[in-house]
Amino acid sequence: MTRRFYITTPIYYPNGEPHLGHVYTTVCADVIARYHRLAGGRTWFLTGTDWHGIKMVKSAEEQKTTPQALAEKNDQTFIDFWKELGITNDDYIRTSEPRHVKSVTEIVNRMLASGDIYLGSYEGWYDEGQEEFITETEAKANEFKSVVSGKPLGRYKESTYFFKLTKYVDRVFQAIESDQIRVLPPSRKNEILSKLKGWNQDLSISRASLKWGIVMPNDPEHVLYVWIDALSNYITALGLPGSTDDKDGNEAGEKDGKEADKDLAAFWPADVHLIGKEILWFHAFYWPAMLMSLDLPLPKTLFAHGWWTSEGKKMGKSLGNFIDMDRLRAVNLTYSLDTLRYYLLRAAPFGSDLDWKETELATAYAELGNVVGNLLNRTMNMITKYRDAKVPALGITEDRDAVLIKTLADLPAAVAGAFAGLELQRAVLLPIEAARAVNTYIDQTQPFKLAKDPAQQKQLDTVLNLCAQGCKKVLAALLPILPAKAAAGLAQMNVVLDGQTIADLIGSDLPAGHQLGTAAVLFPRIETK
Ligand code: MSP
């Protein structure tokens, strides 16, 4: 059976333009998706936008427009920006699309049929920026302000439909505790488990006072709570099993339920829901409980990454430290897209909070040039000069060669392990460290001296061979992270990618006599003002 891999990002609120936070999640998901495609599995990478809820209504009011117009405008900006950043999502879902609305209606109907929804009344606190109900204790602990935005909480009192969360709390606890749903990083798992312990409230899932949302199928006076609508995207985009709707939003009959089943069966359950830490609770509790109510399989991994600050402070438009599209474009223009990707992934262990520092972009670029660019240059130039651009066979191997051979031999498993554990910073640093090791090896073996001594030609062959193998392996391991630069480097080395998995590419050796192409500088020096 073909291996399948399904990864999602959160669907973003189109109430503004994408910024560093959205870009970070999407780039990380893109790196993971590219890795899995290169690893040979069938991969599906989903992103999109979340149109409904009070936050969109309020943002539209502030911007003197309608939620529809606001969403349409920003949605297009998201789509265009992902293209500009070379994001390789396979699908893009908007919660306004018929394929979504129809399937969500079906989802609510099934939850109603399971007896999991009842009418009641809610009185309590609500964080409108987060679209989140806040318990009395939590509200009090943060002086009735949002933990995320610092804005005052709203007080809601209304008749509402409830979803029986309490019915599922023990099962969700079990699923997370036993790692049936892996919650990463591990500290987040403990956080969720302790919040779940003793949870005794059902979830208000409808609002009668709001008009902007999906209408409750059993009561047209109510619209559905935005998180029930939003979380469903992960399956509505694939096509809900048993529903007559399909993933292209065609009318019933154009593609029957069986085919829709096939789509979902292929990719559901999701392998990874990649999210920011502030929305883990929804994904770790509401979503599994909904899936249990629907009798559908649970996602395998929830990864909650950290939050970016900028130059040591929370990002804010008024603070002048906001990393918006223009700032990100400028980085792309000066240093390349791949440098931006490298910087984002390298900035902290995956899962920790991160801080954007302008000065570190130049450092990241210099590091790529000094380590990867330099290795490629030296390798290409030496083999061209001393061996007519043909990789020589391995000659005599001594201890120092054996050490490097071992380092390179360990690389494929280390890279696979880093991706399996979603240790993205490690996945980035492994090839960089390997490149450093080859550079140090060149410094120590001094091939330019060996070249001058006719008695040392076998040693020179070994050094040149290992440089070529090392350089190729490093570039191959960097393919998901630096797709353009790594591919350009491999093209210079005349390495053909077609049909080879990333494990093949990192694991195999170039044959003796392999003809290299023409050298070119990968990371040109940048003139700074
Ligand atoms: N619409 C909901 C998600 C629904 S998913 C079923 C939402 N949207 S959002 O537009 O607010 O995007 C939140 C996501 O953006 C975070 O989970 C994170 O992925 C990213 N980030 C936004 N700001 C961020 C930082 N400052 N730092 C890192 N990522 C953050 O929540």
Side-chain angles (χ1 to χ4, degrees), residues 7-30 32 46-56 58-59 67 70-71 74-75 77-78 81-82 87 92-96 100 104 107 127-132 146-149 188 213-214 224-237 270 272-288 290-291 299 302-317 319 321-325 327-328 344-345 347-348 350-356 424:
I7 182 163
T8 66
T9 72
I11 45 171
Y12 307 111
Y13 293 121
N15 66 327
E17 292 182 341
H19 58 64
L20 173 63
H22 309 121
V23 167
Y24 179 58
T25 317
T26 311
V27 164
C28 291
D30 184 67
I32 300 168
L46 176 72
T47 188
T49 42
D50 183 359
W51 287 41
H52 300 130
I54 188 78
K55 183 188 177 95
M56 286 299 294
K58 291 267 162 101
S59 298
L70 180 69
N74 289 309
D75 181 60
T77 311
F78 270 91
F81 203 47
W82 297 150
I87 301 299
Y92 182 96
I93 188 160
R94 302 165 198 81
T95 54
S96 54
H100 177 78
V104 167
I107 284 172
D127 179 341
E128 291 184 342
Q130 286 301 102
E131 300 277 11
E132 182 169 9
S146 163
V147 194
V148 180
S149 67
R188 300 275 168 224
I214 297 180
L224 186 63
Y225 173 42
V226 65
W227 271 100
I228 302 291
D229 166 356
L231 288 162
S232 304
N233 92 87
Y234 301 132
I235 52 175
T236 65
V272 180
H273 288 316
L274 187 60
I275 52 176
K277 63 180 182 180
E278 85 292 1
I279 58 172
L280 177 60
W281 179 242
F282 306 95
H283 286 79
F285 188 17
Y286 303 173
W287 183 222
M290 284 170 67
L291 290 165
L302 307 176
F303 194 102
H305 67 63
W307 261 50
W308 282 90
T309 50
S310 168
E311 310 292 345
K313 295 202 186 73
K314 196 178 155 131
M315 275 202 295
K317 290 201 172 128
L319 293 176
N321 67 347
F322 197 74
I323 309 301
D324 60 8
M325 292 202 301
R327 185 64 213 109
L328 293 161
L344 294 178
L345 267 82
F350 198 44
S352 304
D353 286 334
L354 318 98
D355 186 39
W356 177 277
L424 290 194

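We count ligands from 1, going down the list as the structure has it; atoms in each ligand are counted the same way. Because the structure is a prediction, the values reported are computed rather than measured.
Among the atoms of G306, none of the N or O lies under 3.5 angstrom from an N or O of ligand 1. Checking only distances, E278 does come within under 3.5 Å of ligand 1, N or O to N or O. At least one N or O atom of G276 sits closer than 3.5 Å to an N or O atom of ligand 1. Every N/O-N/O distance between N233 and ligand 1 stays at or above 3.5 Å. Below 3.5 Å of separation, one finds no N or O of W227 facing any N or O of ligand 1.
Taking atom 24 (C) of ligand 1 as the reference point, the nearest protein heavy-atom neighbour is G21 CA, 3.4 Å. Protein heavy atom nearest atom 12 (O) of ligand 1, with residue, atom name and distance: Y12 CD2, 3.5 Å. Residue, atom and distance of the protein heavy atom nearest to atom 6 (C) of ligand 1 are Y234 OH, 3.5 Å. Protein heavy atom closest to atom 18 (C) of ligand 1, with residue, atom name and distance, is T25 OG1, 3.5 Å. Scanning the protein heavy atoms around atom 23 (N) of ligand 1, the nearest turns out to be H19 CE1, 3.4 Å. Of the protein's non-hydrogen atoms, Y13 N, 3.0 Å is the one closest to atom 10 (O) of ligand 1. Atom 27 (N) of ligand 1 has as its closest protein heavy atom W308 N, 2.9 Å. For atom 15 (O) of ligand 1, the nearest protein heavy atom (residue, atom name, distance) is H22 CD2, 3.5 Å.
We find the OH-OG1 distance between Y12 and T26 to be 3.0 Å, quoted to the nearest 0.5 Å.
Counted by atom type alone, H305 and T25 present one or more donor-acceptor pairs between their side chains at under 3.5 Å. Between the side chains of E278 and W307, at least one donor N or O sits under 3.5 Å from an acceptor N or O. A side-chain donor from one of T49 and W51 sits under 3.5 Å from a side-chain acceptor of the other. Side-chain contact check for T8 and H273: at least one donor-acceptor pair (N or O, by modelled atom type) lies under 3.5 Å.
Qualifying side-chain contact (heavy atoms from CB on, under 4.5 Å) partners for A230, counting only residues two or more places apart in sequence or in other chains: I11, D50. In this structure T309 satisfies the side-chain contact (heavy atoms from CB on, under 4.5 Å) test together with D355, sequence neighbours excluded.
The ligand atoms of ligand 1 that sit less than 4.0 angstrom from a heavy atom of D50 are 1 (N), 2 (C), 4 (C). Residue A230 has at least one heavy-atom neighbour below 4.0 Å for each of these atoms of ligand 1: 6 (C).
Within the 4.0 Å heavy-atom criterion, neither part of E131 lies near ligand 1. Residue-level proximity to ligand 1 for Q130 is absent, since no heavy atom of it falls below 4.0 angstrom.
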Check step by step if ring-ring contact (aromatic ring centres under 6.0 Å, His included) holds for F81 and H22.
CA-CA 11 Å; F81 203 47; H22 309 121; over 10 Å; no
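In this structure, the side chains of T77 and M325 come closer than 4.5 Å at one or more pairs of heavy atoms.
Using a 4.0 Å cut-off between a side-chain N of Lys or Arg and a carboxylate O of Asp or Glu, K317 and D324 do not qualify as a salt bridge.
Looking only at distances, no side-chain donor or acceptor of D229 sits under 3.5 Å from a matching main-chain atom of G213.
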